[in-house]
Amino acid sequence: MERAYNFNAGPSALPLEVLKRAQEELVNFKQTGMSVMELSHRSKEYEGVHQQAQSLLRELLQIPSDYEVLFLQGGASLQFAQIPMNLLKEGEIGNYVLTGSWSEKALKEAKLIGETFIGASTKESGYTSIPNVEQISINKNDAYLHITSNNTIFGTQWHKFPQLENTSLIADMSSDILCRSIEVENFSMIYAGAQKNLGPSGVTVVIVKKELLENSRQDIPSILRYTTHADANSLYNTPPTFAIYMLSKVLEWVKEQGGLAAIENRNVEKAKLIYDVIDESSGFYRGHAEKDSRSLMNITFNLPNEELNKKFLAEAKAAGFVGLNGHRSVGGCRASTYNSVPVEACEALRQFMITFKNNQ
Ligand SMILES: *Cc1c(COP(=O)(O)O)cnc(C)c1O
């Protein structure tokens with residue numbers, strides 16, 4: 001059987017090469033006579049996997065040495081709670097920029113912990129855009145400013161980040177980490193559930209400036225403290241070893257592709273194939289996002305009416321395209337073109353969209 005045209009939003013496509021390599025090593029990893037899943041997380045062999053995943057991530061994103069790279073569990077959703085629990089103290093404000101459902105969820109958790117503030121929001125206009133960075137309100141007692149770099153459900157993405165002098169910038173990059181190069185120095189913390197651009201579900205990557213942890217709260221349970229995991233090199237308890245192994249394989253693949261500059265060029269090319277069809281369709285395909293806020297990773301669009309949306313999705317499914325339904329909360333169509341989605345899949349979708357329109 002051939003590989004599907006997988007446009008799933010998450011968990012999503014993995015590179016075929018990565019899957020094949022993992023398959024080759026599955027029952028006997030590096031002459032250990034067992035799979036990675038069966039190794040002790042305290043063994044030398046597993047330690048090699050853990051270190052490789054960390055060092056490749058440091059290399060690809062050029063993470064400075066004063067940042068910790070942590071492998072946690074609980075998904076990005078646990079980070080929504082863990083961030084305020086660790087970093088939001090009495091007399092301080094958790095400042096949130098609302099650009100979609102995931103930022104709303106992050107804010108909701110912070111409200112349970114401490115005082116919050118909405119520094120900017122594009123909710124009024126249906127989350128079709130990213131706010132102008134100059135118009136974000138900052139307070140002098142902000143513990144941090146939280147943003148969602150890519151809005152997986154609405155299909156918008158930040159193309160310019162706020163430059164903050166005295167406030168810590170925290171970004172949920174679950175759906176666009178490693179899709180392009182970024183300046184890690186600009187952020188105090190970056191986090192991402194792995195299942196979109198990094199690997200399988202089960203591991204959450206947290207990149208955090210050591211300075212931010214120096215004043216973090218210590219009066220919360222050990223398992224929830226960032227310092228616990230930083231002090232134990234993410235081996236405080238059993239980590240998701242197989243997910244971290246797959247992460248290391250995906251990172252190796254990203255490096256082989258030429259690193260983030262090459263990956264970014266390819267992502268731009270892939271997204272353009274589909275956005276061009278939308279823009280040249282005389283309004284048949286209607287992009288949700290405003291052009292300057294468009295995402296490279298999640299392309300959201302609608303057809304002229306609900307009936308055509310349904311017809312499009314049904315015919316696409318029959319033609320072998322998987323995962324083109326919009327998120328259940330917003331409907332419509334969405335093509336997720338993460339790093340591992342090949343150019344050929346995007347070309348095939350482009351052709352399908354053109355043919356579908358011509359047949360109506
Ligand atoms: C998918 C996603 C999440 C939720 O991730 P989980 O790992 O399922 O908790 C959070 N934020 C963004 C931007 C996402 O795309």
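Both backbone and side-chain heavy atoms feed into the values below; hydrogens, waters and symmetry mates do not. Read the numbers this way: they start at 1 and go in the same order the structure lists the ligands and their atoms.
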Would you mind listing each N/O atom of ligand 1 next to any protein N/O under 3.5 Å, plus the distance?
residue  : atom   : partner : partner atom : Å
ligand 1 : 7 (O)  : Ala76   : N            : 3.1
ligand 1 : 7 (O)  : Gln195  : NE2          : 2.9
ligand 1 : 8 (O)  : Gln195  : NE2          : 3.4
ligand 1 : 9 (O)  : Ala76   : N            : 3.2
ligand 1 : 9 (O)  : Ser77   : N            : 2.8
ligand 1 : 9 (O)  : Ser77   : OG           : 2.6
ligand 1 : 11 (N) : Asp172  : OD2          : 2.6
ligand 1 : 15 (O) : Thr152  : OG1          : 2.5
ligand 1 : 15 (O) : Lys196  : NZ           : 2.7

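With contacts defined as side-chain heavy-atom distances shorter than 4.5 Å, the pair Thr241/Ile244 does not qualify.
Under 3.5 Å, the side chains of Asn141 and Asn139 contain no donor-acceptor pair of N or O atoms.
Through chains of ILVMFWY side-chain contacts below 4.5 Å, Val208 is grouped with Leu70, Leu72, Phe80, Ile83, Leu87, Leu88, Tyr96, Leu98, Trp102, Leu107, Ile118, Tyr127, Tyr144, Ile153, Phe154, Ile170, Met189, Tyr191, Val206, Leu212, Leu213, Tyr226, Val330. Think of Ile93 as one node in a network of Ile, Leu, Val, Met, Phe, Trp and Tyr side chains linked at under 4.5 Å; its network also takes in Phe117. Through direct or indirect side-chain contacts shorter than 4.5 Å among Ile, Leu, Val, Met, Phe, Trp and Tyr, Val27 is connected to no other residue.
Counting all heavy atoms, side chain and backbone alike, Asn302 lies closest to Gly332 at OD1-CA, 3.3 Å.
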